[in-house]
Amino acid sequence: MNTVSRAAAIAVLAIAATGVTAGMAAAAPAESPAPVAAPSFGNENTDVLAAVHGTEQVTPNTGGVDRNAEIDKAVETVTEAFNHASADGRMVGTVAGVVVGCPLGAVTGGTLTVLTTAGVLTPIGVVGGCILGGLTLGGLGGTIGAAITGLPALATTANEQYNALHAKGFVAAPIDTPAP
């Protein structure tokens with residue numbers, strides 16, 4: 001006879017509540033704190049580099065612009081681009097994972113690997129399997145969907161920001177952009 005103890009039922013509910021709460025927290029945009037200004041070190045290493053290489057170090061013409069603030073702004077732009085682009089993929093991947101995972105978990109009794117015969121499958125096994133399958137494949141689908149949609153935006157924006165920093169004289173060399 002298949003019986004489920006009260007402790008096991010509470011454990012399944014706690015796992016499901018944690019998974020749902022974590023999914024909602026991951027889907028909600030987080031408030032970004034105000035960036036902390038890093039100390040500006042200027043070009044203290046110019047004399048050392050000139051002594052080692054025997055040449056004068058060229059200092060970039062920043063026009064009074066704070067280098068650290070520009071780099072922070074570029075990093076923030078890249079981060080925002082990834083977050084915005086990956087949000088749609090995360091949502092679609094999570095929904096697809098839940099849609100596939102719930103029925104898969106229900107027919108396997110939560111194992112997600114071995115099909116269970118109708119005679120062995122219980123209503124609690126179906127519900128628990130649906131919850132476990134939905135959480136498991138929903139989480140994996142969300143991660144894969146976010147990577148698929150977010151990584152191209154991350155690469156493109158990072159390249160643009162790096163080249164913009166190079167144009168301002170804050171980094172050494174531009175990255176070659178391949179022709180489309």
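Heads up: numbering here begins at 1 and tracks the sequence. None of these values were measured; they are calculated from a predicted model.
- Side-chain polar atoms of N159 and N163 form a donor-acceptor pair below 3.5 angstrom.
- Hydrophobic cluster membership differs between V78 and V171, with clusters built from Ile, Leu, Val, Met, Phe, Trp and Tyr side chains linked at under 4.5 angstrom.
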Side-chain donor-acceptor pairs of residues 137-148 under 3.5 Å, sequence neighbours excluded:
unit_1	atom_1	unit_2	atom_2	d
T143	OG1	G139	O	3.0

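- Residue A85 comes nearest to A153 through the heavy atom pair CB-CB, 3.5 Å, listed as atom of the first residue, atom of the second, then distance.
- The pair K73-E76 does not count as a salt bridge, with every side-chain nitrogen at least 4.0 angstrom from each carboxylate oxygen.
- Atoms OG1 and CZ, on T77 and F82 in that order, are 15.5 Å from each other to the nearest 0.5 Å.
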Please tabulate, for the side chains in residues 97-108, all donor-acceptor contacts under 3.5 angstrom to protein atoms that are two or more places apart in sequence or on a different chain.
unit_1	atom_1	unit_2	atom_2	d
T108	OG1	L104	O	2.8
T108	OG1	G105	O	3.4
T108	OG1	L112	N	3.0

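- For Q161, there are no side-chain hydrogen bond (donor to acceptor under 3.5 Å, both in side chains) partners at least two apart in sequence or on another chain.
- With S86 contributing its side chain and T149 its backbone, the two residues share no donor-acceptor pair below 3.5 Å.
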